[in-house]
Amino acid sequence: MATAVRQALINARRSAVHLEMRDIYTPGDPDIADWRAGVRFDPAERWRSWFDLVVSTVSRGVRMRRARIISEPVSEYIKFEYDVTGRHNVAAGEEVRWLPRRRAADLALPGADFWLIDEQVVIFNHFDGDGNWNPTTDMEVRYEPDTARLAASAFESVWERALPHSQYWPL
């Protein structure tokens, strides 16, 4: 996990929200390659650092929420994400919801995925067209109140329409 997000979560006091809007991320990642090959693994063990960070953040009283806007039928990557989310994100203490893209068409959304920490710090993640990302160069940290308000409004509009992980089944 990139340093800016990790540090922001360590410093978070009340809330951390994450909006994901892509159907594919890091296609060359060995984790999805293993999953694609039928290698099943315990995501909490494989990504222990992230799992422990979430547990620690939530245990301080920080509410962590993640919303994913996804196209249907879902991509292979989204199937992978869905498969590991319950045993990883949810098990660590994140609340996760899913919103089919058709139900998000009339929402005003930022042009990139982002983290919003304590409704003050926005960390945009800029991926290339194929979903590749360089954690050292493709993060943009913003502190402008208008940008934070935009991110908060966008996230809440998605969150209200999205289905909890336990109620969503990918098509």
Side-chain angles (χ1 to χ4, degrees), residues 1-26 29 31-32 43-44 47 49-71 74-75 77-78 80-101 103-104 107-127 131-136 138-144 147-168 170:
M1 176 52 52
T3 302
V5 172
R6 179 173 297 280
Q7 192 60 49
L9 290 174
I10 290 170
N11 294 331
R13 294 181 184 176
R14 298 177 309 280
S15 65
V17 301
H18 185 40
L19 182 60
E20 298 176 344
M21 299 181 283
R22 300 183 53 85
D23 288 315
I24 186 168
Y25 294 89
T26 58
D29 186 274
D31 299 320
I32 191 168
W47 303 307
S49 176
W50 177 256
F51 188 88
D52 290 345
L53 177 60
V54 172
V55 168
S56 171
T57 302
V58 171
S59 71
R60 294 193 325 271
V62 176
R63 185 178 184 199
M64 287 188 67
R65 296 181 292 161
R66 179 184 302 253
R68 293 176 171 145
I69 298 173
I70 43 98
S71 300
V74 299
S75 68
Y77 188 87
I78 296 301
F80 163 68
E81 272 194 330
Y82 184 85
D83 188 45
V84 298
T85 292
R87 294 174 288 134
H88 187 246
N89 306 84
V90 174
E94 282 188 66
E95 299 171 55
V96 179
R97 291 189 179 185
W98 303 82
L99 181 62
R101 195 169 309 279
R103 297 191 59 218
L107 298 178
L109 302 170
D113 290 9
F114 65 87
W115 282 91
L116 173 63
I117 308 298
D118 290 334
E119 299 181 349
Q120 296 178 333
V121 179
V122 181
I123 305 170
F124 289 106
N125 297 326
H126 299 287
F127 293 85
N132 296 301
W133 182 65
N134 181 337
T136 59
D138 296 343
M139 299 184 94
E140 179 184 0
V141 181
R142 304 278 296 267
Y143 299 95
E144 301 92 331
T147 303
R149 279 191 290 276
L150 168 67
S153 175
F155 183 85
E156 293 304 329
S157 67
V158 170
W159 190 256
E160 286 178 19
R161 293 185 184 185
L163 295 170
H165 179 71
S166 63
Q167 296 175 19
Y168 178 73

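What you are looking at is a predicted structure, and each value in this text was computed from that prediction instead of being measured.
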Could you go step by step and tell me if Trp50 and Asn89 meet the side chain to side chain contact (heavy atoms under 4.5 Å, CB included) rule? CA-CA 9 Å; Trp50 177 256; Asn89 306 84; 4.2 Å; yes
Test side chain to side chain contact (heavy atoms under 4.5 Å, CB included) on His88 and Glu81 and set out the steps. CA-CA 10 Å; His88 187 246; Glu81 272 194 330; over 6 Å; no
Show your working on side chain to side chain contact (heavy atoms under 4.5 Å, CB included) between Ile117 and Gln120 and close with a plain yes or no. CA-CA 6 Å; Ile117 308 298; Gln120 296 178 333; over 6 Å; no
Let's go through Leu9 and Trp115 carefully: what are the C-alpha distance in whole Å and the side-chain angles of both, what is the deciding distance for side chain to side chain contact (heavy atoms under 4.5 Å, CB included) to 0.1 Å, and is it a yes or a no? CA-CA 10 Å; Leu9 290 174; Trp115 282 91; 4.2 Å; yes
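Scanning both residues, Ala4 and Met139, for their nearest heavy atoms gives CB-SD, 4.1 Å. In terms of heavy-atom proximity, Ser157 sits nearest to Leu109 at OG-CD2, 4.5 Å. When all heavy atoms of Val58 and Gly93 are compared, the pair lying nearest together is CG2-O, 3.7 Å. Between Ala108 and Ala154, the shortest heavy-atom contact is O-CB, 3.7 Å. Contact detail for Ala112 and Met21: the closest heavy-atom pair is O-CE, 3.2 Å. Residues Arg97 and Ala162 share a closest heavy-atom pair of CB-CB, 3.5 Å.
For Tyr82 and His165, the distance between ring centers is under 6.0 angstrom.
Distance CZ/Arg6 to OG1/Thr57: 9.0 Å, rounded to 0.5 Å. For the atom pair CH2 (Trp47) and CZ (Arg87), the distance works out to 8.5 Å, reported to the nearest 0.5 Å. Between atom CZ of residue Arg60 and atom CG of residue Asn11 there is a gap of 8.0 Å, rounded to the nearest 0.5 Å. Note that CG of Leu19 is 10.5 Å distant from CG of Asn125, once rounded to the nearest 0.5 Å. Atom CD of Glu20 is separated from atom CD1 of Ile78 by 7.5 Å, given to the nearest 0.5 angstrom. Between atom CD of residue Glu119 and atom CZ of residue Arg13 there is a gap of 14.0 Å, rounded to the nearest 0.5 Å.
Dense packing is recorded around CD of Glu95, with more than 12 heavy atoms of other residues, nucleotides or ligands lying under 6.0 Å away.
Looking at residues two or more places apart in sequence or on another chain, you find a salt bridge (charged side-chain N to carboxylate O under 4.0 Å, His left out) between Asp23 and Arg101. Evaluation of the ring-ring contact (aromatic ring centres under 6.0 Å, His included) rule for Phe114 yields no partner, not counting sequence neighbours. Evaluation of the ring-ring contact (aromatic ring centres under 6.0 Å, His included) rule for Phe127 yields Tyr25, Trp133 as partners, not counting sequence neighbours.
Arg68 and Thr85 are linked by a side-chain donor-acceptor pair at a separation below 3.5 angstrom, with hydrogens and angles left out of the test.
No donor-acceptor distance shorter than 3.5 angstrom exists from the side chain of Ser56 to the backbone of Asp52, with no hydrogens or angles considered. Remark: the backbone N or O of Thr147 is not paired with any side-chain donor or acceptor of Arg142 at under 3.5 angstrom. A donor-acceptor pair under 3.5 Å is absent between the side-chain atoms of Asp118 and the main chain of Ala12, judged by distance alone. Distance alone, capped at 3.5 Å, places no donor-acceptor pair between the Arg66 side chain and the Glu94 backbone.
Side-chain contact between Ile69 and Leu107 is absent, with no heavy atoms from C-beta onward closer than 4.5 Å. Side-chain contact between Tyr168 and Pro100: present, with at least one pair of heavy atoms (C-beta onward) separated by less than 4.5 Å.
Ring pair Phe155/Trp159 is parallel by interplanar angle, where below 30° counts as parallel and above 60° as perpendicular.
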